[in-house]
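The structure appears right after this line, and notes come after that.
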Amino acid sequence: MTTIVSLHAHPDDEALLTGGWLAQRAAAGDRVVIIFATDGNAELASTDSRCVATLGHRRRAEASESARALGVARVRWLGHADSGMAGSPSALPDRFVHVPLERAARAVAAVLDEEDADVLTGYDANGGYGHPDHVHVHRVARRAQQLAARRPRLLEATMDRTWLVRLLRVVRPFRGLLPGVSIPGDDIFTEPSALLMRIDVRDDLDAKLAALAAHHTQATGGVRTIRLLLALPRPLARQVLGTEWFTEVRHD
Ligand SMILES: [Zn+2]
């Protein structure tokens with residue numbers, strides 16, 4: 001049995017970026033543990049502490065439901081606040097991006113040691129599409145790998161940039177129909193030549209979709225990526241959600 005610890009910035013990232021692979025590994029008998037850095041509570045106009053606590057509480061419950069759908073054995077919360085996007089930072093105290101690297105990495109390494117983990121997953125150097133919390137996950141995972149008593153393999157969840165940009169170009173003409181959906185530039189995720197692992201998760205699509213659907217607050221109201229993904233006809237869902245990508249970080 002392999003023990004996998006998967007570090008994520010916000011609830012729903014585990015499903016979007018790694019859900020198929022985690023479900024695949026759990027079904028094969030591996031122990032899967034997810035660590036969330038934040039409870040994804042930045043999307044509020046108000047910083048009223050009761051509203052923030054309520055959304056955080058709901059998103060934690062949703063993450064537990066997602067974890068059950070994926071077969072995850074344990075969920076651990078680091079308990080920091082969502083930092084918000086670079087252009088619109090959240091006003092919450094204890095934003096993850098401000099947590100010193102060493103402190104955050106020690107908290108992750110403690111879980112790696114408790115679990116005697118074989119594999120750790122983080123994010124690519126661009127933090128995917130550049131969210132400050134995702135970039136911080138990249139740094140924290142790299143440092144946590146070094147701090148662990150037994151150094152795990154480090155896989156960085158990413159996407160094939162060429163594939164994604166091509167997909168987004170298809171969507172671009174419909175941008176007017178999708179207010180609020182921003183089409184990122186070409187400097188996101190990872191170029192295909194650097195991708196080490198391209199994993200076919202089409203057989204794990206039911207678990208991945210169930211995990212995505214568990215994030216109710218992200219799937220309702222306004223225009224939401226998750227809502228759009230859940231509305232895709234099955235053949236398109238297999239194309240859009242049926243592959244996951246990782247790069248492996250090698251040492252010395
Ligand atoms: Zn995120």
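Because the structure is predicted, anything quoted here is derived from the model rather than measured. What's counted below: heavy atoms across the whole structure, side chains too, no hydrogens, waters or symmetry copies. Quick note: residue numbers are just sequence positions, from 1. In listed order, ligands and their atoms are each counted from 1.
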*Does any non-hydrogen side-chain atom of D39 lie less than 4.5 Å from one of D82?*
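No. Closest side-chain heavy atoms not under 4.5 Å.
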
*Does the ring center of H10 lie less than 6.0 Å from the ring center of H134?*
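Yes.
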
*asked:* I'd like to know if E115 pairs up with R76 as an ion pair, taking the criterion as any Lys NZ or Arg NE/NH1/NH2 lying under 4.0 Å from an Asp or Glu carboxylate oxygen.
replied: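 Salt bridge flag = no for R76 with E115.
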
*With a 3.5 Å cut-off and no angle check, do the side chains of S83 and H136 form a donor-acceptor pair?*
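Per modelled atom types, S83 and H136 side chains form no pair under 3.5 Å.
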
Any N/O/S atom, backbone or side chain, of [X] lying under 2.8 Å from the Zn ion (ligand 1)?
{"X": "H131", "value": "no"}
{"X": "D12", "value": "no"}
{"X": "H134", "value": "yes"}

*Shortest non-hydrogen contact from A15 to A211?*
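Heavy atoms of A15 and A211 come nearest at CB-CB, 3.8 Å.
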
*What N/O/S atom of D13 is the closest to the Zn ion (ligand 1)?*
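So the atom name we want here is OD2.
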
*For H10, what is the atom name of its N, O or S atom nearest to the Zn ion (ligand 1)?*
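Nearest N/O/S atom: ND1.
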
